[in-house]
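Contents: one structure, followed by commentary.
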Amino acid sequence: MLMDIRDKIRGWIAYVIVGLISIPFVLWGVGEYFSGGREEPVAIVNGAEISARQFDQAYAAQRQQVIELLGGSASADMLESLNLRKQVLDRMIAETVLASYTREAGYRVPDQLLANVIESIDAFKENGQFSRSRYETMLRMQGMTIAGFEEQLRRDIATEQLNASILNSAVGVDRAVDQFVRLRDQQREVSLVKLSRAAYAERMEPVSDEQIAAHYEQHADRYFQPERVKVEYLELSPETISINMDVDELMLERAYEDYQRRHAEQTRYWASHILVSLPAQPDVEQVEAAREKILYARSRIEAGESFADVARELSDDPGSRDAGGELGEVKPGMMVQPFEEALFALEEGQLSEPVRTQFGFHLIRLDRKESGVIPPLAEVREELIADLQRREAEGQFYDLAETLANLAYENPDSLVPAAETMGLTIQSTDWFDRFEGTGIARYSQFRQAAFSDEVLVERRNSDLIDLGDSRVVVLRIKDHQASTPLALEAVRDQIAAELAENQLVERMREDAEALAAALAEPDADVMALAEHYGAEVTEPRWFGRQDAELDPALLRTAFALGRPESGQRLTQPVLRPNGDYAVVMVSGVRDGDASTLSEQERQLLQAQIAQDRGLREVDALARLLRDNAKIKLRQDMH
């Protein structure tokens with residue numbers, strides 16, 4: 001479904017729609033519980049508010065998309081490292097300033113265009129047709145009103161119109177094409193002089209006890225056991241909420257229908273067809289003649305003729321006739337309903353009976369089908385019940401999170417009352433410090449709360465901590481260790497390793513820089529210098545910008561260097577990921593030749609350059625608007 005939406009709707013529109021209908025649906029955050037009264041917006045942009053609910057919806061949708069792109073699973077650490085919250089907020093701010101600009105610039109979205117976009121979204125369809133009831137249900141499940149959704153979509157379509165107008169106004173000229181080809185197809189003559197870390201390590205003198213002792217005395221403040229704590233905590237998530245919910249057969253039947261629909265969308269079909277077309281309002285004789293013709297085609301194929309040959313001779317579909325009737329992959333929603341119903345009922349290689357649509361009569365053959373087996377209701381019954389109960393738990397989550405926050409606040413000296421009232425289990429962590437922890441202590445907001453004055457000094461329960469992904473916790477200190485210095489003997493090996501590494505790295509850096517400078521001299525003897533430094537030399541070779549035979553970092557360095565004069569070498573030392581050094585030497589440059597382009601290639605490059613310029617102009621406008629916007633962020637969003 002998401003792929004269909006991506007194909008039909010692009011840009012800002014796609015973002016909003018995907019944000020609304022990512023499946024499975026993900027819970028919103030609980031930022032509103034950190035402040036009393038009216039929910040504080042996460043940002044105010046030129047007077048327009050971005051609410052916590054809007055932000056949490058967008059973040060949940062973005063997170064789900066990332067998980068899907070990663071194959072359905074991603075660790076919390078990985079997701080946290082992507083800094084998705086900042087990405088989502090930046091994008092929403094950009095949308096808000098652009099929406100304001102489009103409104104002031106006079107961009108308007110007619111009601112009919114808005115209706116057409118909404119009715120084209122597969123998520124709002126039943127049996128291939130737009131369903132008002134499904135539309136309302138999907139929005140209600142996301143906590144959105146129809147008016148709110150349509151206003152957001154209207155803004156996004158207007159923004160897309162602005163982007164399109166900028167992109168379409170950009171042009172690419174011949175001079176730009178010539179310059180682009182000169183750079184794109186440029187080649188450089190490159191050779192390498194390599195210094196091996198392993199060889200240097202063998203030649204290094206061992207670190208002495210005197211060096212270790214001197215370093216420890218000079219840097220004793222570096223070697224200490226950091227302040228550490230253990231905490232106990234209560235965690236609330238949909239998984240920890242006990243649900244006693246009766247699931248009746250009607251609810252289960254509807255859930256199974258949704259299950260079947262989701263799996264059906266994963267089935268892939270490849271088909272061919274022969275079309276005998278009909279006019280818009282055919283008479284009886286025309287209908288009968290078309291039926292006879294399609295039956296004639298069917299009889300010839302059943303008699304052994306090639307489907308492709310018959311299609312080339314008899315089909316009225318110009319798009320598939322020359323390909324022997326092949327349609328390629330047919331996804332649900334691509335064809336009209338009678339065609340799809342007939343196709344999806346076929347077995348591989350089977351011919352359909354004549355199928356009447358508004359276009360005429362079709363003879364359809366299912367060429368290939370790839371699908372998973374949809375298990376019967378009995379096999380997935382428990383799974384569906386658990387899913388329905390999980391959704392009920394999600395519905396209760398916000399109220400229970402507020403209850404947990406209140407109980408922890410009203411009983412600041414213990415988590416027991418909250419645990420007993422809510423049926424939660426008090427859990428404990430291992431030791432962790434301010435900067436690093438394992439398990440739940442890997443979350444920075446968890447560690448920050450543990451070392452806050454309220455928790456660490458006053459020994460009170462923490463406020464409600466939002467870990468994202470519909471997980472909240474409250475915690476209190478269980479044990480505490482102050483920072484203590486470590487004795488020399490405890491860190492001797494660590495210091496020895498640090499000093500040895502520092503000396504090795506510094507020696508290699510100095511040699512690499514000296515070697516690069518020496519090789520740049522016009523009369524330098526490359527082989528003699530390489531032998532002096534114990535280095536390996538590669539033969540000069542011509543490389544293009546995309547040449548896969550040279551390490552990307554070395555290739556980038558080679559093309560970042562200037563243009564050498566005749567007989568000159570340009571050099572640059574590069575530290576490799578494995579600790580080796582390579583001195584990159586560039587001794588020649590050959591520019592790409594734009595005169596070899598065909599007219600079609602030149603036109604294509606002109607279009608690409610124009611599009612690139614347009615995208616740059618769109619980006620420049622967005623940055624300019626943001627720079628000039630009045631933006632106020634909620635304190636925790638900085």
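Computed from heavy atoms alone, side chains included, the values below leave out hydrogens, waters and symmetry copies. Residue numbers count from 1 along this sequence.
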Is the backbone of Asp283 close enough, under 3.5 Å, to the side chain of Gln286 for a donor and an acceptor to pair up by distance? yes

Distance in Å, Gln179 CD paired with Ile609 CD1, rounded so as to fall on 0.5 Å steps: 10.0 Å

For Gln600, does the CD atom have more than 12 heavy-atom neighbours from other residues, nucleotides or ligands under 6.0 Å away? no

Determine yes or no for a side-chain-to-main-chain donor-acceptor pair under 3.5 angstrom, with Arg545 supplying the side chain and Leu183 the backbone. yes

Donor-acceptor contact present, side-chain Ser315 to main-chain Leu275, <3.5 Å: yes

Asp309/Arg312 salt bridge by N-O under 4.0 Å criterion: yes

Could you please spell out the steps behind the side-chain contact (heavy atoms from CB on, under 4.5 Å) verdict for Glu601 and Leu604? CA-CA 5 Å; Glu601 290 172 326; Leu604 179 61; 5.6 Å; no

Got more than 12 heavy atoms from elsewhere within 6.0 Å of OH, Tyr101? no

Quick one: CH2 on Trp270 to CD on Glu348, what's the gap to the nearest 0.5 Å? 9.5 Å

Are the side chain of Arg298 and the backbone of Ser352 linked by a donor-acceptor contact shorter than 3.5 Å? yes

Any side-chain heavy-atom pair from Leu314 and Lys293 closer than 4.5 angstrom? yes

Quick one: are Leu363 and Glu353 in side-chain contact, heavy atoms under 4.5 Å? no

For the atom pair OH (Tyr296) and CD1 (Ile294), what is the distance rounded to the nearest 0.5 Å? 12.5 Å

Heavy-atom check, side chain of Gln337 versus side chain of Glu341, under 4.5 Å: yes

Going by an N to O cut-off under 4.0 Å, is there a salt bridge joining Arg613 and Glu617? no

Assess the residue pair Ser277 and Phe359 against the criterion (side-chain contact (heavy atoms from CB on, under 4.5 Å)); give the C-alpha distance rounded to whole Å, side-chain angles, the decisive distance to 0.1 Å, and a yes or no. CA-CA 6 Å; Ser277 62; Phe359 304 108; over 6 Å; no

Using the test salt bridge (Lys or Arg N to Asp or Glu O under 4.0 Å), find all partners of Glu599 that sit at least two apart in sequence or belong to another chain. none

Is it the case that atom CZ in Arg254 sees more than 12 heavy atoms from other parts of the structure closer than 6.0 Å? no

Taking C-beta and beyond as the side chain, do Phe130 and Ile121 meet within less than 4.5 Å on heavy atoms? no

Between Leu555 and Asp547, what is the shortest heavy-atom contact and its length? CD2-O, 3.5 Å

Determine whether Leu597 and Val177 satisfy the following criterion, side-chain contact (heavy atoms from CB on, under 4.5 Å), listing intermediate values before the conclusion. CA-CA 10 Å; Leu597 293 174; Val177 171; 3.9 Å; yes

Tyr398 ring centre to Arg53 NZ or CZ under 6.0 Å, with the angle to the axis within 45°? yes

Whether Arg291 engages the ring of Phe361 as a cation-pi pair (distance to the six-membered ring centre under 6.0 angstrom, angle to the ring normal within 45°) should be assessed. no

May I ask you to check whether Arg91 and Gln62 show a side-chain donor-acceptor distance below 3.5 Å? yes

Considering all heavy atoms, the nearest Lys125-Arg134 contact: O-CD, 3.3 Å

Cation-pi check for Tyr269 against Arg368: NZ or CZ below 6.0 Å from the six-membered ring centre and within 45 degrees of the axis, yes or no? no

Which pair of non-hydrogen atoms, one from Asp593 and one from Thr596, has the smallest distance, and what is that distance? O-OG1, 2.8 Å

Test side chain to side chain donor-acceptor pair (under 3.5 Å) applied to Asp612 and Gln608, step by step: CA-CA 6 Å; Asp612 180 68; Gln608 291 174 344; over 6 Å; no

Quick one: do Asp178 and Arg602 satisfy salt bridge (charged side-chain N to carboxylate O under 4.0 Å, His left out)? Show the steps, please. CA-CA 9 Å; Asp178 293 344; Arg602 180 172 288 275; 3.1 Å; yes

With a 3.5 Å distance limit and no angle check, can you tell me whether Glu49 reaches the backbone of Pro41 through a side-chain donor-acceptor pair? no

Side-chain contact test, heavy atoms from C-beta onward, threshold under 4.5 Å: evaluate it for Val355 versus Ile364 and give yes or no. yes

Can you find a side-chain donor-acceptor pair between Gln152 and Asp156 that sits under 3.5 Å? yes

Check Asp111 with Arg154, please: is the shortest side-chain N to carboxylate O separation under 4.0 Å? yes

Within this structure, what is the CZ-CD distance for the pair Phe559 and Gln546, rounded to the nearest 0.5 Å? 9.0 Å

Salt bridge or not between Arg623 and Asp619? Use side-chain N to carboxylate O under 4.0 Å. yes

Straight-line distance of Asp56 CG to Arg63 CZ, nearest 0.5 Å: 12.5 Å

Verdict with reasoning, Asn116 to Gln112, per side chain to side chain donor-acceptor pair (under 3.5 Å): CA-CA 6 Å; Asn116 291 342; Gln112 187 57 52; 2.9 Å; yes

Quick test of your reading: applying salt bridge (Lys or Arg N to Asp or Glu O under 4.0 Å), list the pairs with at least one residue in residues 313-326, sequence neighbours left out, ordered by first then second residue. Arg300-Glu313

Side-chain touch Arg365/Gln350, heavy atoms, less than 4.5 angstrom: no

Looking only at heavy atoms, which two atoms of Ser131 and Ser133 are closest? And how far apart? OG-OG, 3.1 Å

Tell me if the CD atom of Glu347 is crowded by more than 12 foreign heavy atoms within 6.0 Å. no

Could you tell me which non-hydrogen atom of Ile146 sits nearest to which non-hydrogen atom of Tyr135, and how far apart they are? CG2-OH, 3.9 Å

Close side-chain approach of Phe397 to Leu236, heavy-atom, < 4.5 Å: yes

Full working for side-chain contact (heavy atoms from CB on, under 4.5 Å) between Leu467 and Val472: CA-CA 6 Å; Leu467 300 182; Val472 295; over 6 Å; no

With sequence neighbours excluded, residues passing ring pair (Phe, Tyr, Trp, His ring centres under 6.0 Å) with Phe339: His273, His362

Point-to-point distance, once rounded to the nearest 0.5 Å, from CG of Leu377 to CD of Glu257: 10.5 Å

For residues Leu153 and Phe149, determine if any side-chain heavy atom of one lies less than 4.5 Å from a side-chain heavy atom of the other. yes

Closest heavy-atom pair and its distance - Phe55, Met92: CA-SD, 3.8 Å

Do side-chain atoms of Ser100 reach the backbone of Thr96 as a donor and acceptor pair under 3.5 angstrom? no

